[in-house]
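Before any comments, here is the structure.
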Amino acid sequence: MAEISHFEYGWITPALSYALSVLGSVLGLVCAGRIRTARTSRERLWWGLLSAWALGGTAIWSMHFMAMLGFAVPGTRIRYDIPITLASTVIAVVAVGIGLLIVGSGRLTVPKVLVGGLFAGAGVAAMHYTGMAAMQLNGTFGYDTTRVVMSVVIAVVAATAALWLAMTVRRPLAIFGSALVMGVAVNGMHFTGMSALSVHLHPRTGEVSGTTVSTLLAPIVLAVIFVVIGLVYALIAAPTEEDRAAAAYLDARSAQAREAAAQPPQAAPDPVGLRHRSSLARPGAQFPSRRNPPPPQS
C-alpha cells in the first residue's frame with residue numbers, strides 16, 4: 001500500500017477549498033432566496049439555475065478540485081481524464097438543481113426537504129467518487145466501506161441542511177453564517193471520502209495518460225472567476241422586493257397625479273360669500289361675516 005499525502009502544499013489548498021465553498025454557498029443562498037420572491041415560473045427557473053451553478057459548481061465541485069491539488073502519491077504521477085472530470089461537474093450541478101426544484105416548488109414541507117436533500121446528497125457523493133475515478137496513476141484504488149458510507153451520510157445531511165437554509169434564510173448575517181457552516185460540511189464530506197482511499201502501486205511504472213493538474217488549473221480558475229462575476233452581476237442587476245415596492249408606489253402616485261390633472265378645476269371655497277357680494281366694491285360697504293350673511297340679491 002502506497003503512502004498518500006492529502007496536503008502536499010500545506011494549509012494553502014484546504015484554505016482555498018474552504019473559501020470557495022463558502023463563496024459558492026453565499027451566492028447560492030442569495031440566488032435561492034430570489035426563487036421564493038420570483039413572480040413567474042420563468043424567473044424561478046432562472047434563479048434556480050443560478051443557484052445550482054453556485055452551489056453545485058462553485059461550492060462543491062470547485063472546492064473538490066481545489067482540495068485535490070494537494071493530493072499526491074509518492075512514486076507515481078497523477079493525471080486526470082477530462083471527460084470524466086467534466087461529467088463530475090455536470091453531476092454536481094444537476095443534482096443540486098433537482099434538489100432545489102423539489103423544495104422550491106409549491107409549499108415548503110419537511111418531506112420535500114428530506115427527499116430533495118437525499119437526491120442532492122447522493123448526487124454530491126456521486127460527483128466526489130466520479131471525480132476520484134477521473135484520476136489516472138500507476139496503481140489501483142481501494143476504499144474503506146465504512147468511511148465511504150460515512151461520507152455519503154455527511155453529503156446527504158449537508159445537502160438537506162443546505163436546501164433548508166436556501167429556502168428559509170433571508171438576512172445577510174444569517175446567510176453568511178449558514179455559508180460558513182455549509183463550507184465545513186462540504187469539506188468534511190470531501191476529506192472523509194478521501195480518508196477512505198488507499199492506493200496500491202503497480203510493480204512496474206509506465207506512462208500515465210491524461211491531463212496534468214497544472215493544465216486544468218488555469219481554465220478551471222478562469223471558469224470560476226467568470227461564473228462568480230456573472231452571478232454577482234445577475235444579483236445586482238435584478239430588482240429586489242424593495243425595488244418593486246418603490247416602483248409600485250411611484251406608479252400609483254403618477255396615476256393619482258394624472259387623474260387629478262384630468263379632472264376639471266374646482267372653484268376655491270367661499271365660506272363667507274365674498275364671491276357674491278358686489279357691494280364690496282362700493283366705499284363704505286359693510287364687510288360680510290358669518291353672523292350677518294349677505295341679503296339675497298334680486
Side-chain angles (χ1 to χ4, degrees), residues 1-8 13-14 17-18 20-21 24-25 52 55-76 78-99 102 113-164 181-202 208 210 213 216:
M1 185 180 298
E3 180 184 356
I4 296 176
S5 175
H6 297 287
F7 307 101
E8 180 71 11
T13 51
S17 64
Y18 180 74
L20 280 174
S21 61
S25 298
L55 291 173
T58 303
I60 297 174
W61 186 85
S62 297
M63 169 269 148
H64 166 83
F65 183 82
M66 185 58 64
M68 291 306 299
L69 292 179
F71 179 78
V73 180
T76 179
I78 298 177
R79 299 289 188 269
Y80 289 87
D81 185 274
I82 293 180
I84 299 178
T85 302
L86 294 177
S88 66
T89 309
V90 175
I91 291 173
V93 175
V94 171
V96 174
I98 294 177
I102 293 173
V113 175
L114 294 178
V115 173
L118 179 62
F119 194 96
V124 170
M127 178 279 305
H128 174 80
Y129 290 105
T130 302
M132 295 297 297
M135 289 195 306
Q136 309 292 323
L137 48 76
N138 285 318
T140 56
F141 292 142
Y143 291 96
D144 180 76
T145 305
T146 302
R147 295 190 181 186
V148 169
V149 172
M150 288 176 57
S151 67
V152 174
V153 171
I154 293 174
V156 171
V157 173
T160 304
L163 293 178
W164 180 78
V181 176
M182 288 172 61
V184 173
V186 172
N187 282 265
M189 178 269 163
H190 172 82
F191 288 107
T192 300
M194 293 301 296
S195 68
L197 177 68
S198 60
V199 177
H200 301 270
L201 294 179
H202 295 160
V208 180
V213 175
L216 289 175

Hey, what do you get for CE (Met127) to CD1 (Ile60), rounding to the nearest 0.5 Å?
6.0 Å
For Thr130 and Ala126, work out which heavy atoms get closest and say how close.
OG1-O, 2.6 Å
Atom CG in Leu86, atom CG in Asp81: separation rounded to 0.5 Å?
9.0 Å
Ala59 backbone acceptor or donor facing Ser25 side chain under 3.5 Å:
no
By ring-ring contact (aromatic ring centres under 6.0 Å, His included), which residues pair with Tyr80, not counting sequence neighbours?
none
Between atom NE2 of His200 and atom CG of Asn138, what is the distance when rounded to the nearest 0.5 Å?
15.0 Å
Considering all heavy atoms, the nearest Leu163-Ala120 contact
CD1-CB, 4.4 Å
Any side-chain heavy atom of Leu137 within less than 4.5 Å of one from Arg79?
no
Nearest 0.5 Å, what's the CD-CE distance between Glu8 and Met68?
12.0 Å
Locate the shortest heavy-atom distance separating Ala122 from Val156; write the atom from each residue and the value.
N-CG2, 4.1 Å
Would Leu55 and Met182 satisfy side-chain contact (heavy atoms from CB on, under 4.5 Å), going step by step from the backbone distance to the final call?
CA-CA 10 Å; Leu55 291 173; Met182 288 172 61; 3.7 Å; yes
If I take atom CG from residue Leu118 and atom CG from residue Leu114, how far apart are they, to the nearest 0.5 angstrom?
8.5 Å
In terms of side-chain heavy atoms, does Ser198 have a donor or acceptor partner in Asp144 at a distance below 3.5 Å?
no
Hey, does the side chain of Arg147 reach the backbone of Ser195 with a donor-acceptor pair shorter than 3.5 angstrom?
yes
Return yes if a side-chain donor-acceptor contact under 3.5 Å exists between Ser151 and Tyr129, otherwise no.
yes
Phe71 ring center within less than 6.0 Å of Phe65 ring center
no
On a heavy-atom basis, the closest approach of Gly123 and Ala95 is CA-CB, 3.5 Å
Spacing of Ile4 atom CD1 and Leu197 atom CG [to the nearest 0.5 Å]
4.5 Å
Does the Thr13 side chain pair with the main chain of Leu69, one donor and one acceptor, at a distance under 3.5 Å?
no
Stepwise side-chain contact (heavy atoms from CB on, under 4.5 Å) check, Val184 with Tyr18
CA-CA 7 Å; Val184 173; Tyr18 180 74; 3.8 Å; yes
For side-chain contact (heavy atoms from CB on, under 4.5 Å), just list the numbers for His190 and His128, CA-CA rounded to whole Å, side-chain angles, deciding distance to a tenth of an Å, and then say yes or no.
CA-CA 7 Å; His190 172 82; His128 174 80; 3.4 Å; yes
Per the side chain to side chain contact (heavy atoms under 4.5 Å, CB included) rule, which among Thr89, Ile91, Val90 passes with Trp61?
Thr89
Met194 side chain near Met132 side chain, heavy-atom distance below 4.5 Å:
yes
What is the minimum heavy-atom distance between Asn187 and Ser17, and which atoms define it?
OD1-OG, 3.1 Å
After noting the C-alpha distance and the side-chain angles of Val199 and Thr140, does the key distance pass the side-chain contact (heavy atoms from CB on, under 4.5 Å) rule?
CA-CA 6 Å; Val199 177; Thr140 56; over 6 Å; no
Closest non-hydrogen contact found for Gly121 with Ala159 is N-CB, 3.4 Å
